[in-house]
Amino acid sequence: MATPFKLAADIGGTFTDIVLEQGNRRWSGKILTTTHAPEVAVLEGATNLIAEAGISPGDVSVFIHGTTLATNALIERKGAATAFITTQGFRDVIEQGYEKRFDHYDLNINRAAPLVPRHLRLTVQERLAVNGDTLIPLDESALPALAEKITAEGVTAVAIGFLHAYAHGSHERRVRELLRPLLPRGITICISSEVAPEIREYERFSTTVANAYVRPLMAGYLKRLQDGLAAMGLNAPLYLMMSGGGLTTIETASRFPIRLVESGPAGGAILAARMAQQLKLPEVLSFDMGGTTAKICLLSNYEPERAHRFEIARAYKDMKGSGIPVRIPVIEMVEIGAGGGSIARVDRLGRITVGPDSAGSTPGPVCYGRGGTEPAVTDANVVLGKIDPAFFAGGKIALQTDMAKTALQKNIGDRLGLKDFWSAAGVAEIVEENMANAARVHAIERGKDIGACTMIAFGGGAPLHATRLAEKTGIRRIIVPVGAGVGSAIGFLQAPISFEITKSSIQSLDAFDADGVNALLKQMERDATAEVLPALGQSKRVTTIIADCRYVGQGHEIRVVIPVRTLSNKDGATLKAAFERAYAAVYGLTIPGQAAEAITWSVTVSGPSPAISRPSKARPVKRAKPLRHLNLFDARLGKQVRSPVYWRFDLSVGFKIKGPAIVAEHETSTIIGSAFTASIDHFGNILLERVS
Amino acid sequence: MSKSSLDAIRTQVMWNRLIAVVEEQAQSLLRTAFGTITREAGDLSAGVYNVEGHMIAQAMTGTPGHVNTMATAVRHFFDHYPPAKMKPGDVYITNDPWLGTGHLFDYVVLTPVFLKSKLVAFFASTCHVIDVGGVGMTANANSSFEEGTLVPHLPIRKQGKLNEELISVILANSRYPVEVRGDLLSLISSNDTGARRLVDMMTEFKLSSLEPLARHILTTSEKAARAAIRALPNGAWSYDMPLDGYESPLLVKCKLVIDNGKITLDYRGTSPASLYGINSPRTYSLAYSVFALKAVIAPYVPNNIGSLSVFDMVTEPGSCVDPIRPSPVTARHVLGQQLADCVFGCLAQTLPGQVQAESAGAIWIMSLSSAHGRVPAEDVKGATAFGVISIGLGGIGGRPGQDGLSTMAFPSGVGSIPVEITEGQCPLWFKEKQFLKGSGGEGEYRGGLGQRIEVQNREAAPFVISAATFDRIRHAAQGRDGGAPGQKGAAYRKSGEHLKDKGIHIIAKGDALVVELPGGGGFGNPQKRSAALRAADEKAELN
């Protein structure tokens, strides 16, 4: 059988990345995202690569897709007119939020406006207790009036969320059933007991509302994409990348579009996981830096950490707590406003600050010459010689070094008394320090030793800053993969089909009810299997179960792996021991005698991952000529050093470079700091190693 | 040139690093704390101090009441334990309200940091523990001796060895010893986390002393704070604010004096201390007063002893804003948190048109419990015994240019607790928790709304509410520059009877508790409110 062609597309805010792969062969491209109709760029990019590879659309065996469309709709508030039906007396839950100021010292803060305005938040008399008892029966007679109001307001999506529905969804289901025939055809209805059956009403309602809000848009887009692909003769199965790192069918994606929000970064984490496995690296820190943000993710034993809490569309200075919380399976990562476009300024105390706001693609950094006036990280990198103006974005954007220099001098240097390249050095050092601090805090929170990790650096910006970040965090080894600039899309091709179901059900580990837990987990496994079966068919399936456990009285839960078998009452002790081990790993102590409980259960059913590619047998080459030399600022030495610039594709296995040096390629450059050496491994990756 | 440029950049990098270190310290505490208020609402703080005990950086996570009190709390330890005699592995503790953060519930833990056996810094942290004995989280005691157990400055760890004798005394005096032990260990371990990271940082930057960096941070911050004050006009402005009080109303008298880069707040003339625990020890009064000044004048200046040192406060010992031992102080936030509005009342005259209207003020801590021991045993026969805390939040005052925030803590940073979480811990159920229509004071920019919360017992049994912290029931949040006052708060039985005082009240079987949180005052003349904002409120059914 011929090796299949696999196609992947990652729609980002600025660029749409397309990758076509056949075994070890790969074609890739970046084209500008077509915001008005995102499928246009995807179809165009796919057509280009298929032509380049000399095949026909019918030869493609699978197409995997990730998109920030749902995220953008939430940020720009371009989703459907949505109504929310909730328990009487709780109309304002999604607006009240945590009722906590996310910045104590700023008197001008505002919450994110709720996705559903108050006049479309409708209530019904009903109330179930925490144990499922009916405190107030559902008032079914009120529904026709609600339906009339919804219809009259031109609403196209309806979310339903009642208190305690994470465990008791009967009233939600009944309302959906009765409402459906009363509403115009085509109106979406989402219920919280299906979208995010987790305890804590604000977060569950918020997730359900966000899902309803983006669903008409996403369903429409996916349909158009499917039609477009069919029209060009590409009839391969289409799968969507989810924020949890698994693939799903278009049908499931259309029902739970909120799960697609962080698909790009998830693809990056999957790439890192597969590389870790390929290179046998048990502890990895992946570092993905693009135009707007930097993402840092920790992986242990070839798996990224996972979570099911995420905040979208932070509305106030990118501050934690100012966005929309959603409860969905995500790959746990820290994302900070530190990208190539992040703007540098001097604050009132004479300190350099970078981000979180970004110059984006328009006007972009000053050096793009498109009207930008505030210097950004990319401007600093150009001035420092880290980016070759002639090669940026494959030579498509000619960078203006002088304009960058002038802007940095005016906005930073003149205010701080810094001359020459020193403002650029300050900006680079601050953004690197910010990323290092975020990485360190993230690792500490998880009880990880960051210095023991190997860094995998990808995305246009990461290879520029990787060695300095490593110096600051004590990391000794860095890998820059082949195709680093389109890493997320490459990651899509390596993800398994999978679906995760998460549900809150509070269970004591000290008085463990095995029958109850077994019944719950079996049902969840059946539901998750139903979601993956259409894509998996007869392929092998693997189930994994996680419980979020905590000491009774504590607020933060820790993830504990649950054995996949029928549990007995004695397993309470097994689980508690596993919880206490995990607890001690993070916090360094346990609380003897304190009762523990499981709050939320997650069941994931996955298919197999694609096979890992093997190393090439290429013969080592010892020589390569630099393109040229330039003065590169080395932050560790605190001065400029004359350094060689190599072209990545001139280098092959076995060639070693001593830092400081630069390895340039189309979509990024790898900066080799003075403390590092670089070589090319048998997979074509750049391997950077700390010398002393 | 290049050498000094490099130094300037490195100094700034180290400053950023120090802030990251204390943030790590705070996060570690937040994740392991047991008290509901600490973990759901972030009632804690963490900071790093130089060898003289001056705060040089503090975590953003935490509440102003804790952060600013800790700034002064650290040096008090030195009266008993001079730094020269401290050893690696030592940790010190106290919950003295007057020398710590204002009430017995907050333990302050201090850890000296050594680098190559030389003392280089201190870390301190504090959080609200769940129980310290005494009458509990109410204002009902008449002296601090009734409020719980006071632990004077003592070592809780000596050269790495826990002082189990002291811990056993603390635990023996708490209703929840396991949780309290957990919180004490969390405090100690969060300081250790900070200390480890600081040592890493000093090693990386080859520092043998933190002093040059500390000096840079403190002088830069002080200079910035002074510059901000110098931009203000010189003069004196007064504001009097009446409060509900406990046994009788209280009057807070405040005079703000600005004199060439120096600010003094003078609270002389304020009512004497209450007989009940709503008094705010001087350290806590200072914390919220300075918070309010800084939030208006120089919010961008980092909080440290440099920027805090430019503010001065004068109080009369024995007054409710400077009670003397053994005045009761458990619910000190009732008074302390209202001081922000008082300071704003002065500042609004200094900076006309630039200061927000008054807010709901102190958070309402709804301490709800079963009626065991308070009613005849047969009335609670078969009823579940419980004790939970829920937080009630009102509206913030209208702001120059925008409406006040609805149902949001101010100036405290404490948020609310999800209804589903509270209902999982007790047999109570919440029948309502939503915005209270029309409760925001009218204005060009209206006050934020309060909310109505109704709670009932699912079981056929009475339950108990402590109304210790319910204020602004008699005295509304005032408007600013022509804005109307916000709606007053209320607390009553659904059957009709209002809760008369800040004491403990029994809600009879079948009855319900209703609280209505106060709204914020309006800002500016209501006639000037735009048609668009009026229409939006109309459509949202908010007025």
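All chains are named by letter (A, B, ...) in the order of the sequence lines, taking the proteins before the strands, and each is independently numbered beginning at 1.
With a 4.5 angstrom heavy-atom cutoff, B:F410 touches chain A via backbone and side-chain atoms both. For B:A409, the parts lying under 4.5 angstrom from a heavy atom of chain A are both the backbone and the side chain. With a 4.5 angstrom heavy-atom cutoff, B:V21 does not touch chain A via any of its atoms. For B:D192, no part sits under 4.5 Å from any heavy atom of chain A, backbone or side chain. Looking at A:D347, neither its backbone nor its side chain comes within 4.5 Å of chain B, counting heavy atoms on both sides. Heavy atoms closer than 4.5 Å to chain B are found in the side chain of A:Y166, but not in its backbone. Looking at B:Q451, only its side chain comes within 4.5 Å of chain A, counting heavy atoms on both sides. Looking at B:E541, both its backbone and its side chain come within 4.5 Å of chain A, counting heavy atoms on both sides. With a 4.5 Å cut-off on non-hydrogen atoms, B:Q27 touches chain A through its side chain but not through its backbone. For B:T193, the part lying near chain A is the side chain, with the backbone staying farther off; criterion is any non-hydrogen pair under 4.5 Å. Looking at B:R181, neither its backbone nor its side chain comes within 4.5 Å of chain A, counting heavy atoms on both sides. Contacts between B:K431 and chain A at a heavy-atom distance below 4.5 Å involve the backbone alone (N, CA, C, O).
The candidate with the highest count of non-hydrogen atom pairs below 4.5 Å against chain B, out of A:Y202, A:Y98, A:F90, is A:F90. No other option in B:E454, B:K223, B:E23, B:R458 has as many heavy-atom pairs under 4.5 Å with chain A as B:R458. Looking only at heavy-atom pairs under 4.5 Å with chain B, the residue among A:D106, A:D103, A:I352, A:L416 that has the most is A:I352. In terms of heavy-atom pairs under 4.5 angstrom with chain A, the leader among B:P302, B:S221, B:G424 is B:P302. In terms of non-hydrogen atom pairs under 4.5 Å with chain B, the most contact-rich of A:V130, A:L107, A:N110 is A:L107. The residue among B:R17, B:K294, B:R197 with the most heavy atom pairs within less than 4.5 Å of chain A is B:R17. Most heavy-atom pairs under 4.5 Å with chain B, from the set A:R204, A:H119, A:E201: that is A:E201. Chosen from A:V93, A:D133, A:N131, A:I109, the residue pairing most often with chain B at heavy-atom distances under 4.5 Å is A:I109. Counting heavy-atom pairs closer than 4.5 Å to chain B, the top residue among A:I506, A:I199, A:L135 is A:L135.
Ring planes of A:Y551 and A:Y583: perpendicular class, angle over 60° (limits at 30 and 60°). In this structure, A:F421 and A:F633 have tilted ring planes: the angle between them lies in the 30° to 60° band.
With hydrogens and angles disregarded, no donor-acceptor distance shorter than 3.5 Å links the side chain of B:S5 to the backbone of A:L418.
The two atoms that bring B:L436 and B:L449 nearest to each other are O-CD2, 3.8 Å, heavy atoms only.
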In sequence, state the C-alpha distance, the side-chain angles, and the governing distance for B:R452 and B:F435, and then conclude on side-chain contact (heavy atoms from CB on, under 4.5 Å).
CA-CA 6 Å; B:R452 186 178 185 281; B:F435 290 153; over 6 Å; no
Could you check A:Q96 against B:S416 for side-chain hydrogen bond (donor to acceptor under 3.5 Å, both in side chains), going step by step and ending with a plain yes or no?
CA-CA 9 Å; A:Q96 290 179 286; B:S416 61; over 6 Å; no
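Within residues 396-403 of chain B, the residues having any heavy atom under 4.5 Å from a heavy atom of chain A are, by residue number, B:I396, B:R399, B:Q402.
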